[in-house]
Chemist: 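Just dropping this structure here.
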Amino acid sequence: MTVTVRPGDPAITPALVAEHGLTTHEYDLLVAMLDRTPTFTELGIVSALWSEHCSYKHSKPLLKTLPTKAPYVLQGPGENAGVISIGDGLAVAFKIESHNHPSAVEPYQGAATGVGGILRDVFTMGARPIALLNSLRFGSLDSARVRYLFAGCVKGIGDYGNCVGIPTVAGEVVFDPAYEGNPLVNAMCVGLLKEAELMRAVAEGVGNPIIAVGARTGRDGIHGASFASEDLSEASDAKRPRVQVGDPFTEKLLLEASLELIHSGHIVAIQDMGAAGLVSSSAEMAARGDVGVVIDTLKVPAREEGMTPYELLLSESQERMLVVAKVGHEDHVRAILEKWDLTAAVIGEVIAEPVYRVVEGDRVVAEFPGIRLVTDCPMYEPEARESDDIRRRREEHVHLIPEREQECDPCWTLEELLRSPTIASKRWVYQQYDHTVRTGTVIGPGGDAAVVRIRGTDKAIALKTDCNGRYTYLDPRNGARIAVAEAARNVACSGGRPMAITNNLNFGNPKRPEVYYQLKEAVAGMGEACLALGTPVTGGNVSLYNENPSGAVYPTPVVGMVGLVESLAHITRSAFRVHNDSVVLLGDNTDEIGGSEYLQRIHNVVAGAPPRCDLAGESALIETLLESIAEGAVRSAHDCADGGLAVALAECVMMDRARPTGADIDLSAWSSLPMRALLFGEAQGRVIVTTPDPAAVLATAKRHGVPAAVIGTVREDTGTLNLTIGERRIKARVAQLADAYHEAIPRIMQRSASAQDVALASDSVV
């Protein structure tokens, strides 16, 4: 069929091609593929599908090196979400994705629609969403603009999840100047399904109708995928129309309708119209099935008059799905959608001819040779070279940094770290989330990992997101290893065996050698850790171009970990609980302080080598912990991470503000270490457990080759955290620690800018 130029469409010029984000080389490939000049609609289609956000053109060669298989992995990368079996015929679908750029210019809708999109990725697999998580990064809360972004993103996440009725059970929030002009908003969803009801987004069956379901298509979010594939700049606020607008109430209806469709047997495939909208969902489903499709834009339900094929194809309006139904079952599909007050419109069909064709009634406005539309995007492996400045920072002798005068009192340092917004309680955040809806949450936000029970079984799943961008900045490979290892430790601390991860790789512009080096090394480190810990990667997201005129964000490879709790009796909490229980340290203390929160918070220094990550030791630690929990020897478990051992101990005695305890702790065995390294260094592979049977825990640790020592006793009645280091006695009042930890963020947010200040702050991205 002959492709014709639509009346009114602009002529294809070098300037228009550049505006669409295509390089000269990429445009030449497009012309060669078509053997002619593309139409305006074709240019828009390729600019979206060949954008970084959709094509992964700078990361796909690296991602192929990650381990993705295990006997229990039912679906790995390449689908809407990964899926693992948890036994009893049940499976868990999960995925994490970013909405960074939209959240930088419109925080409420940017974060809210990020939640909506990740929900759809999970329920299109046939899974009912049962939990949401997030991973957030912002600049300093001293900035009015950052407080505006932070408050808007948190409210957007909370409002959307709460309205749909899915609990937000865990997450992490980090504040650092590195994220000042480019916040990171990563959303994760976890769903439950029966293995037999797993649905994939693969178009098949010549003659099968293609049906648009859910909300009508508007002009919001056009070129959202391209927007996510460019650096933020002074002009980015002008691109607010590229930010989608969410409607959680429609999402709830769409969720129920989609699950009913999947279970009805009337459809063969379903996919979210997410990044790049209709064009992405239809082209990707066709490519997976190696079939052709035809789409008629006149049949797409629109909510605005006069929308062109270009707009209808590229709009990222929310709460829309694309369905491939069985021929002759169209009325059944419509009936299900009408039951949920939603529309269903047949907009095309699967065809035998291997082409991707778009028509506007009788006019063909775009046509590509089938699968090549998806597969012919060029892949890039640019130069990778470490920054000389970062290497110098890593090699700096941070032990030579003199202590501040106030540090003669370790309690001062401890309280300063507890007040650090990165370490302090995030209650101000998660009290805006409904984390108990659906009544499956056993451990919610604030612990090492969330735990959600699986109804009808004695099982639960443990969930965590984790990453230290500062570590990855200083040493990308080691930082990524630590992200995986710490997420696994947190899951194990809650009683879960780490099973698999989804990842969200947040990096700067990959065309810069120092950024591509970070990405390449981080992927390698993540792969090493996943192999060592037996946690394959089932999918994820790559978010590049997280930059603004002041530079790139820290490389932030966020890990979303899923673990299986074999018995509800194994669920373990973080806080000390029982008087006279022994406190045991699993792992060993070191003199490492490089890359620590201590150096950043107390000395405003980002330098030194991050702590070593012994992957074999991490695996042995997890086995020790899980075996001890299964034997009933562990009453609480808490990972040592940001802020080090002293912060972890303080959290154990006052994390549960309603039931604070005290403790007598003796660290004299490590009195040869510098005190600040012992108390505030962030050596990896350490967990604090309490136990009524320390001999059993020590014996299990010895069997696995894990260093372990009894370091103290829980005291309910002292109201103090007492530390002994040789002849040094340190006495910290738990009430004072709790005030520093629990009130830090609320006090800062009480300084929220006036309405006028917020309006001024929101006028500019930087």
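In this text the structure is predicted, and so the values were computed from the model without any measurement.
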Chemist: Kindly write out the residues that satisfy side chain to side chain donor-acceptor pair (under 3.5 Å) with Tyr179, not counting sequence neighbours, or none if the list is empty.
Modeler: Thr556
Chemist: Do Leu463 and Val562 have side chains that approach each other closer than 4.5 Å (heavy atoms only, starting at C-beta)?
Modeler: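 Sidechains of Val562 and Leu463: in contact.
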Chemist: Do Glu618 side-chain atoms and Cys613 backbone N/O form a donor-acceptor pair below 3.5 Å?
Modeler: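 No, because the side chain of Glu618 does not come within donor-acceptor range (under 3.5 Å) of the backbone of Cys613.
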Chemist: Do you know the tightest heavy-atom contact between Gly525 and Arg481?
Modeler: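 Closest pair (atom of Gly525, atom of Arg481, distance): O-CG, 3.3 Å.
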Chemist: So does Glu386 pair up with Arg394, basic N to acidic O under 4.0 Å?
Modeler: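 Salt bridge: yes.
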Chemist: Decide side chain to side chain contact (heavy atoms under 4.5 Å, CB included) for Val173 and Tyr430; before the verdict, give the C-alpha distance in whole Å, the side-chain angles of both, and the deciding distance to 0.1 Å.
Modeler: CA-CA 11 Å; Val173 191; Tyr430 61 73; over 6 Å; no
Chemist: Could you walk me through whether Leu645 and Leu667 pass side chain to side chain contact (heavy atoms under 4.5 Å, CB included), step by step?
Modeler: CA-CA 10 Å; Leu645 180 59; Leu667 302 176; 3.8 Å; yes
Chemist: With rounding to the nearest 0.5 Å, note down the distance linking OG1 in Thr661 to CZ in Arg715.
Modeler: 11.5 Å
Chemist: I want to check something: taking the side chain as every heavy atom from C-beta on, are Ile501 and Ile96 in contact at a cut-off of under 4.5 Å?
Modeler: no
Chemist: Output yes when a side-chain donor or acceptor of Thr718 lies under 3.5 Å from a complementary backbone atom of Thr720, and no otherwise.
Modeler: yes
Chemist: Do the side chains of Arg419 and Glu416 get close enough for a salt bridge, i.e. N-O under 4.0 angstrom?
Modeler: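 Counted as a salt bridge, because a side-chain N and a carboxylate O are separated by less than 4.0 Å.
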Chemist: Quick one: closest heavy-atom pair of Leu132 and Val115, and the distance?
Modeler: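 Where Leu132 meets Val115 most closely, the heavy atoms are CD1-CG1, 3.8 Å.
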Chemist: For Glu486, give me all partners under side chain to side chain donor-acceptor pair (under 3.5 Å), at least two apart in sequence or on another chain.
Modeler: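 With sequence neighbours excluded, Glu486 shows a side chain to side chain donor-acceptor pair (under 3.5 Å) to no residue whatsoever.
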Chemist: Just to verify, what does Arg497 make a side chain to side chain contact (heavy atoms under 4.5 Å, CB included) with, not counting sequence neighbours?
Modeler: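 So Arg497 forms a side chain to side chain contact (heavy atoms under 4.5 Å, CB included) with Glu623, Leu626.
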Chemist: Listing request: all ring-ring contact (aromatic ring centres under 6.0 Å, His included) pairs with a residue in residues 701-734, at least two apart in sequence or in separate chains.
Modeler: none
Chemist: Do His435 side-chain atoms and Ala450 backbone N/O form a donor-acceptor pair below 3.5 Å?
Modeler: no
Chemist: Is the shortest side-chain heavy-atom distance between Leu673 and Ile725 below 4.5 Å?
Modeler: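 Answer no - side chains too far apart.
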Chemist: Hey, does Ile730 have a side-chain heavy atom less than 4.5 Å from the side chain of Leu679?
Modeler: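 Yes, side chains in contact.
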Chemist: Rounded to the nearest 0.5 Å, how far does CD of Gln600 lie from CG of Asp176?
Modeler: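 With rounding to 0.5 Å, CG (Asp176) is 5.5 Å from CD (Gln600).
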Chemist: Ignoring hydrogens, what is the shortest heavy-atom contact between Leu621 and Arg686? Give both atom names and the distance.
Modeler: CD2-N, 4.1 Å
Chemist: Do Pro611 and Tyr471 make a side-chain contact, defined as non-hydrogen atoms from C-beta onward lying under 4.5 Å apart?
Modeler: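 A side-chain contact exists here, since the closest heavy-atom pair is under 4.5 Å.
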Chemist: Excluding sequence neighbours, so at least two apart, what forms side chain to side chain donor-acceptor pair (under 3.5 Å) with Arg137?
Modeler: Ser135, Glu172
Chemist: Rounded to the nearest 0.5 Å, how far does CG of Asn478 lie from CD of Gln684?
Modeler: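 The distance works out to 8.0 Å.
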Chemist: Does Lys702 have any salt bridge (Lys or Arg N to Asp or Glu O under 4.0 Å) partners at least two apart in sequence or in another chain, and if so, which?
Modeler: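 Here no residue qualifies.
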Chemist: Is there a donor-acceptor contact under 3.5 Å linking the side chains of Asn548 and Ser550?
Modeler: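 Result is yes, a qualifying pair exists.
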Chemist: Of all heavy-atom pairs between Ala485 and Leu533, which one has the smallest distance, and what is that distance?
Modeler: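 So the minimum-distance heavy-atom pair works out to CA-CD1, 3.8 Å.
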Chemist: So how far is it from Trp428 CH2 to Met749 CE, rounded to the nearest 0.5 Å?
Modeler: 3.5 Å
Chemist: Please enumerate all residues that pass salt bridge (Lys or Arg N to Asp or Glu O under 4.0 Å) together with Asp588, with sequence neighbours excluded.
Modeler: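 Residues passing salt bridge (Lys or Arg N to Asp or Glu O under 4.0 Å) with Asp588: none at all.
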Chemist: Does a donor on one side chain sit under 3.5 Å from an acceptor on the other, for Gln736 and Glu415?
Modeler: yes
Chemist: Report yes or no: does His742 contribute a side-chain atom to a donor-acceptor pair with the main-chain N or O of Arg427 at less than 3.5 Å?
Modeler: no
Chemist: Applying ring-ring contact (aromatic ring centres under 6.0 Å, His included) as the test, list every pair that has at least one member in residues 602-629; sequence neighbours left out.
Modeler: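 Residue pairs passing ring-ring contact (aromatic ring centres under 6.0 Å, His included), neighbours aside: Tyr598-His603.
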Chemist: Of all residues at least two apart in sequence or in a different chain, which pass the salt bridge (Lys or Arg N to Asp or Glu O under 4.0 Å) check with Asp739?
Modeler: Arg747
Chemist: Taking the side chain as C-beta and beyond, is there a heavy-atom pair between Thr413 and Arg676 under 4.5 Å?
Modeler: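 Side-chain contact under 4.5 Å: no.
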Chemist: Decide yes or no for Leu599 and Glu396: does some side-chain heavy atom of the first lie under 4.5 Å from some side-chain heavy atom of the second?
Modeler: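 No - every pair of side-chain heavy atoms lies 4.5 Å or more apart.
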Chemist: For Arg145, is there any backbone N or O sitting under 3.5 Å from a side-chain donor or acceptor partner on Ser143?
Modeler: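 Confirmed, Ser143 side chain pairs with Arg145 backbone.
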Chemist: Quick check: does any side chain N or O of Thr590 sit under 3.5 Å from a backbone N or O of Ala683, one acting as donor and the other as acceptor?
Modeler: no
Chemist: Look only at the side chain of Arg404 and the backbone of Ile602, and say whether a donor-acceptor pair between them is shorter than 3.5 Å.
Modeler: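 Indeed, once roles are kept as given, a pair shorter than 3.5 Å links the two residues.
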Chemist: Would you please test Val558 and Leu184 for side chain to side chain contact (heavy atoms under 4.5 Å, CB included) and show each step?
Modeler: CA-CA 10 Å; Val558 173; Leu184 303 183; 6.0 Å; no
Chemist: Determine whether a donor-acceptor pair (N or O, by modelled atom type, separation under 3.5 Å) exists between the side chain of Ser140 and the backbone of Asp142.
Modeler: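 Here the side-chain-to-backbone pair exists.
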Chemist: I'd like to check the side chain to side chain contact (heavy atoms under 4.5 Å, CB included) partners of Ser574; sequence neighbours left out, ordered by chain and number.
Modeler: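 Residues passing side chain to side chain contact (heavy atoms under 4.5 Å, CB included) with Ser574: Asp448, His638, Met655.
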Chemist: Not counting sequence neighbours, which residues clear side chain to side chain contact (heavy atoms under 4.5 Å, CB included) with Arg392? List them please.
Modeler: Asp388, Asp389
Chemist: State, to 0.1 Å, how close Ala131 and Val169 come at their nearest heavy-atom pair, and which atoms those are.
Modeler: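 Closest approach of Ala131 to Val169, heavy atoms only: CB-CG2, 3.9 Å.
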Chemist: Output yes when a side-chain donor or acceptor of Glu682 lies under 3.5 Å from a complementary backbone atom of Gly643, and no otherwise.
Modeler: yes
Chemist: Search all heavy atoms of Ala648 against all heavy atoms of Ile688 and return the closest pair with its distance.
Modeler: CB-CD1, 3.7 Å
Chemist: Is there a donor-acceptor contact under 3.5 Å from the side chain of Arg393 to the main chain of Val606?
Modeler: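 Yes; judged by distance alone, with no hydrogens or angles, the pair exists.
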Chemist: What distance do Asp434 atom CG and Asn162 atom CG have between them, rounded to the nearest 0.5 Å?
Modeler: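 Atom-to-atom, Asp434:CG and Asn162:CG are 5.5 Å apart.
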Chemist: Mind checking what makes side chain to side chain contact (heavy atoms under 4.5 Å, CB included) contact with Thr472, not counting sequence neighbours?
Modeler: Cys467, Pro476, Ala522, Pro555, Pro557
Chemist: Nearest 0.5 Å please: distance from the CZ atom of Arg729 over to the CG atom of Asp666.
Modeler: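 Spacing of CZ (Arg729) from CG (Asp666) equals 7.5 Å.
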Chemist: Go through the steps for Val174 and Arg470 under the test side chain to side chain contact (heavy atoms under 4.5 Å, CB included), then give the verdict.
Modeler: CA-CA 10 Å; Val174 172; Arg470 193 185 302 127; over 6 Å; no
Chemist: Looking at Lys426, I'd like to know if its NZ atom is crowded, meaning that more than 12 non-hydrogen atoms belonging to other residues, nucleotides or ligands lie closer than 6.0 Å.
Modeler: yes
Chemist: Does a donor on one side chain and an acceptor on the other come within less than 3.5 Å for Asn546 and Asn506?
Modeler: no
Chemist: For residues Pro692 and Asp581, determine if any side-chain heavy atom of one lies less than 4.5 Å from a side-chain heavy atom of the other.
Modeler: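 With C-beta onward as the side chain, the pair touches.
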